[in-house]
Structures are given as structure tokens and as C-alpha cells.
Amino acid sequence: DAGVIQSPRHEVTEMGQEVTLRCKPISGHNSLFWYRQTMMRGLELLIYFNNNVPIDDSGMPEDRFSAKMPNASFSTLKIQPSEPRDSAVYFCASSHRENTGELFFGEGSRLTVL
Amino acid sequence: AQTVTQSQPEMSVQEAETVTLSCTYDTSESNYYLFWYKQPPSRQMILVIRQEAYKQQNATENRFSVNFQKAAKSFSLKISDSQLGDTAMYFCAFMKRPLTGKLIFGQGTTLQVKP
């Protein structure tokens, strides 16, 4: 079975540009998570969905960030407009409730905003 | 609020030896899970081992075991017979019940296994 698939793996953009990160969770998983990893703040949860519905978006830094999950097999995290401080690795993860809390992570999308 | 602290930013160990990574946490919850995740240079986070707080028996997965001290809020990871492939960053993480998937991570410990 394929794992969590994220794209792009690397993204370099200029300040002010729109960035869209994509995620395909593991088939059959009903929860999806977006985490951000930076040197300063470590790993932090941005938002998570359960059955395609956003449950907790308290970690979303500001209105420039938005996330959607239009169906069970796809999610996007959008940053508009992007800023240099958004540079980070963004991870998507999925889980099924019966997995006792184990999250399955993608390989991450490394974003660099110049 | 829960916090997880890993006080060892970097560690190294010789191949085939044993190493212990430390983790402490703070919570007022009584029912929760603790995890160790491994992040190799490929970046993908992989679950190493998990511990349910209500279980007194320490979890073990092959060469990986934990020392869970609930009263002290301590959760250390022991890696026996270290292998070069164990070189990675290791994160301790906390999740309260019900299991929403919301992990609180520590800062991580970079482990270097030397040949």
C-alpha cells in the first residue's frame, strides 16, 4: 500500500507568491494532519481533519494560511501571500482511529520563500 | 497544556553499543499515549515505539525499549546493539486521549551511530 504522498517535495518561491502544498493520505484513513517543522519552533500541528471536516485549526499561524480537504483522498495547504518566515518543511500525516494514535507521515514538502 | 522536553540535542554511540535518549513531559491528564518517532535524513517520520500510560509494563520493539516512569513523567528510549541505520533525529511525543492524532513533540535528539 502506498504511504502518504506529498507534493511538491521542494518548492522555492518569492515573497508574495501563492504556494499550494498537496497531500494524498493513505486509503482508508479518516484523519489527516498538517504539521510544520522549523529549527526555531520544532514540529507543530497546523490543522487536522476528521472525515474531511476541519476539527482543530488553532495552529494555523494567520489568515494567510488555509487548508482544504474536498474529499477523503486529497488535501491542500495554501499560503497566500507567502513570506520568508514561512520557510519550513511541511508534513502531511494520516491515521485511522483504530490505529491507537499512530500517525503515518509523508516525506514532507520543503518550502523556501526568498 | 502539555509540554515535552528532550534535554539532549545531540548524542553519539559506537556501533553495537547501547544508548539511551531522555524525555520528560508535563501534563495534568491521566490517560494518554507516549511515542518515539525517528526522522532519518530522508525526512519521513517513522514510529519507533509507543506506550499507553495506563500500562505499567514498558513497551519493547526488537532492539528498542522504553523506560516509562509515570510518576516522574519520564519516558526514555533505549536502543540496544546500535546500527548505522539508527542514525537519525529522534522525537519524543505526547498524545492525550481521546486519540485525536494531535501530537505534542519534543525538540528532538540527533543520534549519530559511529562505525
Side-chain angles (χ1 to χ4, degrees), chain A residues 2-10 21 23 25-26 29-51 53-60 69 75 88-111, chain B residues 1-10 21 23-25 27 29 31-55 59 61 64 66 68 75 88-110:
Chain A
V4 175
I5 299 172
Q6 291 187 245
S7 64
R9 189 143 165 80
H10 303 276
L21 307 178
C23 175
I26 292 174
H29 284 190
N30 62 347
S31 295
L32 183 139
F33 309 83
W34 283 100
Y35 281 84
R36 179 171 68 175
Q37 184 177 30
T38 62
M39 288 293 291
M40 292 295 293
R41 300 175 65 90
L43 278 153
E44 50 184 350
L45 178 67
L46 300 178
I47 185 171
Y48 80 91
F49 297 82
N50 190 38
N51 294 324
V53 176
I55 302 301
D56 183 351
D57 64 354
S58 59
M60 295 286 264
M69 191 165 186
S75 176
V89 180
Y90 291 82
F91 286 98
C92 178
S94 69
S95 76
H96 193 284
R97 284 196 175 274
E98 279 64 49
N99 274 358
T100 61
E102 178 178 1
L103 268 61
F104 294 81
F105 285 80
E107 294 184 329
S109 294
R110 180 179 293 280
L111 173 65
Chain B
Q2 294 80 33
T3 59
V4 178
T5 302
Q6 294 177 248
S7 58
Q8 306 153 312
E10 296 181 353
L21 309 183
C23 173
T24 58
Y25 60 96
T27 184
E29 304 285 335
N31 201 0
Y32 51 87
Y33 275 75
L34 293 164
F35 304 82
W36 279 97
Y37 276 86
K38 170 185 177 181
Q39 186 178 37
S42 66
R43 285 204 315 243
Q44 188 173 21
M45 303 276 288
I46 302 165
L47 178 67
V48 174
I49 197 166
R50 78 180 133 227
Q51 174 79 42
E52 299 168 47
Y54 68 87
K55 288 187 177 180
E61 288 287 342
F64 300 87
V66 299
F68 174 48
F75 183 62
M89 195 156 188
Y90 288 81
F91 290 92
C92 178
F94 171 99
M95 186 188 298
K96 68 178 184 180
R97 292 185 72 96
L99 298 174
T100 59
K102 186 171 182 177
L103 283 165
I104 308 298
F105 285 95
Q107 304 92 318
T109 297
T110 299

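The sequence lines fix the lettering, A, B, ..., with proteins before strands; numbering per chain opens at 1.
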Engaged part of B:L103 at the chain A interface, taking heavy atoms whose separation is under 4.5 Å:
both
Test your reading of the model: is there a side-chain donor-acceptor pair from B:Y37 to the backbone of A:L103, 3.5 Å cut-off?
yes
Measure A:V89 against the heavy atoms of chain B and call it side chain, backbone, both or neither at under 4.5 Å.
side chain
What pairs with A:D57 under salt bridge (charged side-chain N to carboxylate O under 4.0 Å, His left out), at least two apart in sequence or on another chain?
none
Side-chain heavy atoms of A:F91 within contact of B:Q39, under 4.5 Å:
yes
Taking all non-hydrogen atoms of both residues into account, name the closest pair between A:S58 and B:K102 and its distance.
OG-NZ, 4.0 Å
Under 4.5 Å to a heavy atom of chain B? For A:Q37 that would be side chain
Heavy-atom distance under 4.5 Å to chain B: side chain of A:L43, backbone, both or neither?
both
Looking only at heavy atoms, the pair that brings B:R43 and A:E107 closest together is NE-O, 3.0 Å
Could you state the interatomic distance from OH (A:Y35) to CE (B:M45), rounded to the nearest 0.5 Å?
9.0 Å
Under a 3.5 Å distance rule, please check whether B:Q44 uses its side chain to pair with a backbone N or O of A:F105 as donor and acceptor.
yes
When you look at CZ of A:R41, are more than 12 heavy atoms from neighbouring residues, nucleotides or ligands closer to it than 6.0 Å?
no
B:E61: partners by salt bridge (charged side-chain N to carboxylate O under 4.0 Å, His left out), with sequence neighbours left out
none
